[in-house]
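Positions are given from 1, in the same order as the sequence printed here. Excluded from the calculations below are hydrogen atoms, water molecules and symmetry mates; all remaining heavy atoms, backbone and side chain alike, are included. Nothing here was measured: the structure is a model prediction, and the numbers come from that model.
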Amino acid sequence: MGSSHSMSEEIQELAEKTGFTSEQIEHLHRRFKQLSGDQPTIRKEHFDNIPDLEFNPIRSKIVHAFFDKRNLRQESDGLADEINFEDFLTIMSYFRPIEMNMDEERLDHFRKEKLKFLFHMYDSDHDGKITLQEYRNVVEELLSGNPHLEKESARSIADGAMMEAASICVGQMEPDQVYEGITFEDFLKMWQGIDIETKMHVRFLNMETIAQCH
């Protein structure tokens with residue numbers, strides 16, 4: 001962040017853009033500097049220093065999401081080589097908890113933004129669709145991090161999730177349509193009624209952890 005006289009203005013501007021409080025921004029700025037080694041940008045290799053991510057079953061997908069230009073709200077597609085602090089805040093804002101005073105419209109927008117971030121994690125080839133197999137693989141990857149779950153159980157839960165996705169998405173199709181994959185609209189239907197808050201959150205106070213996505 002800039003010199004001291006403009007820092008408060010800069011923080012205010014970032015707060016308006018991302019919805020974080022100035023305290024949260026200052027905390028995340030310390031975390032950013034810690035990760036980047038005091039450099040102005042972060043590269044993928046900097047994420048190797050996060051102990052909690054090392055054992056996360058979808059570590060590569062989480063790291064990938066930080067550099068996905070779709071999540072950085074940029075017009076272009078593909079991956080960024082490095083991200084600055086504002087980019088970092090933009091990504092972290094997807095993990096912000098819902099505010100109590102949000103009206104229905106803002107709540108709906110906020111939820112869609114979180115689900116779009118999650119959709120991009122599943123849609124690794126950036127084609128705007130998730131195949132049923134891709135969806136099944138991510139579910140199985142997520143479950144593989146649970147020490148209390150046998151591999152066979154994880155596989156059958158993943159199979160069940162894929163079948164459920166198929167019944168929601170394929171079930172709406174006309175008989176002569178060819179199934180090309182789960183669109184974002186389908187994805188929204190699949191997550192209807194599921195509390196996204198319990199799936200995506202950030203621990204602000206734990207300096208060792210960036211984001212939990214489970």
Side-chain angles (χ1 to χ4, degrees), residues 1-54 56 58-121 184 195-214:
M1 295 199 283
S3 61
S4 56
H5 72 274
S6 65
M7 198 179 285
S8 59
E9 287 173 27
E10 206 174 326
I11 289 176
Q12 190 53 44
E13 202 177 304
L14 289 171
E16 283 167 19
K17 276 186 185 173
T18 62
F20 285 122
T21 64
S22 54
E23 289 83 6
Q24 288 169 336
I25 289 171
E26 283 171 19
H27 176 85
L28 287 167
H29 190 243
R30 288 196 298 275
R31 186 65 179 113
F32 179 85
K33 283 170 73 176
Q34 190 184 13
L35 267 178
S36 68
D38 266 344
Q39 295 303 305
T41 59
I42 285 178
R43 303 179 72 86
K44 284 192 190 73
E45 54 266 28
H46 288 122
F47 284 84
D48 295 340
N49 305 325
I50 304 173
D52 278 20
L53 272 185
E54 193 183 333
N56 193 303
I58 58 163
R59 177 192 180 283
S60 62
K61 283 187 169 59
I62 290 173
V63 174
H64 186 98
F66 271 82
F67 297 86
D68 188 330
K69 290 181 179 177
R70 296 172 299 179
N71 296 334
L72 295 169
R73 302 191 177 116
Q74 297 179 7
E75 292 306 310
S76 52
D77 198 5
L79 292 178
D81 292 326
E82 52 191 19
I83 56 170
N84 61 25
F85 180 58
E86 190 173 332
D87 294 332
F88 179 75
L89 273 187
T90 297
I91 297 296
M92 295 305 283
S93 70
Y94 291 103
F95 294 88
R96 255 185 341 108
I98 282 168
E99 293 160 28
M100 299 305 288
N101 60 349
M102 278 187 178
D103 60 33
E104 207 59 45
E105 194 179 328
R106 279 185 66 215
L107 203 61
D108 185 56
H109 174 74
F110 197 63
R111 181 180 165 81
K112 276 184 181 165
E113 286 283 289
K114 282 177 176 280
L115 287 171
K116 196 168 279 185
F117 179 88
L118 211 52
F119 181 82
H120 292 157
M121 282 180 76
F184 182 59
D195 178 15
I196 186 70
E197 274 308 289
T198 60
K199 308 290 175 191
M200 287 175 68
H201 67 276
V202 62
R203 293 185 206 163
F204 283 115
L205 302 175
N206 183 352
M207 292 296 274
E208 293 308 317
T209 306
I210 283 286
Q212 298 279 302
C213 207
H214 49 202

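The local environment of NZ in K33 is sparse, with at most 12 non-hydrogen atoms from other residues, nucleotides or ligands closer than 6.0 Å. Heavy atoms of other residues, nucleotides or ligands lying less than 6.0 angstrom from NZ of K44 number more than 12. Within a 6.0 Å radius of NZ in K112, no more than 12 heavy atoms belonging to other residues, nucleotides or ligands are found. The environment of E104 atom CD is sparse: at most 12 non-hydrogen atoms of other residues, nucleotides or ligands sit within 6.0 angstrom.
Judged by distance alone, with hydrogens and angles left aside, the side-chain atoms of R96 form a donor-acceptor pair with the main-chain N or O of T18 at under 3.5 Å. Looking only at distances, a side-chain donor or acceptor of N71 sits under 3.5 Å from a matching main-chain atom of A65. In terms of modelled atom types and a separation under 3.5 Å, the side chain of Q24 and the main chain of T21 share a donor-acceptor contact.
In this structure, OG in S22 is found 13.5 Å from CD in E10, a value given to the nearest 0.5 Å. A distance of 8.5 Å separates CZ in R111 from CG in D108, rounded to the nearest 0.5 Å. Of the inter-residue distances, the one linking L115 atom CG with F184 atom CZ reads 6.0 Å to the nearest 0.5 angstrom.
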side-chain contact (heavy atoms from CB on, under 4.5 Å) for K116 and H120? Distances and angles first, verdict last.
CA-CA 6 Å; K116 196 168 279 185; H120 292 157; 3.6 Å; yes
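Between R59 and D48, at least one side-chain nitrogen of the basic residue sits less than 4.0 Å from a carboxylate oxygen of the acidic one, meeting the salt-bridge criterion.
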Would you list the atom pairs, donor with acceptor, under 3.5 Å between side chains in residues 79-87 and any protein atom, with sequence neighbours excluded?
from : atom 1 : to  : atom 2 : distance (Å)
E82  : OE1    : T41 : OG1    : 3.3
E82  : OE1    : R43 : NH1    : 2.9
N84  : OD1    : E86 : N      : 3.1
N84  : OD1    : D87 : N      : 2.8
E86  : OE2    : K17 : NZ     : 2.8
D87  : OD2    : N84 : N      : 3.1

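Looking at heavy atoms from C-beta onward, H27 lies out of side-chain contact with E23 at the 4.5 angstrom threshold. Using a 4.5 Å heavy-atom cutoff, the side chains of D77 and K69 are not in contact.
A cation-pi arrangement, defined by a distance under 6.0 Å to the six-membered ring centre and an angle within 45 degrees of its axis, is present between R73 and Y94.
Between F67 and F47, the ring-plane angle classifies as perpendicular under the 30° and 60° cut-offs.
Heavy atoms only, all atoms of each residue included: F88 and L28 are closest at CE2-O, 3.8 Å. Shown here for I11 and E26, the closest heavy-atom pair between the two residues is CD1-OE2, 3.5 Å. Considering every non-hydrogen atom in both L89 and F20, the closest pair reads O-CE1, 3.5 Å.
With sequence neighbours excluded, no residue forms a side-chain hydrogen bond (donor to acceptor under 3.5 Å, both in side chains) with H46.
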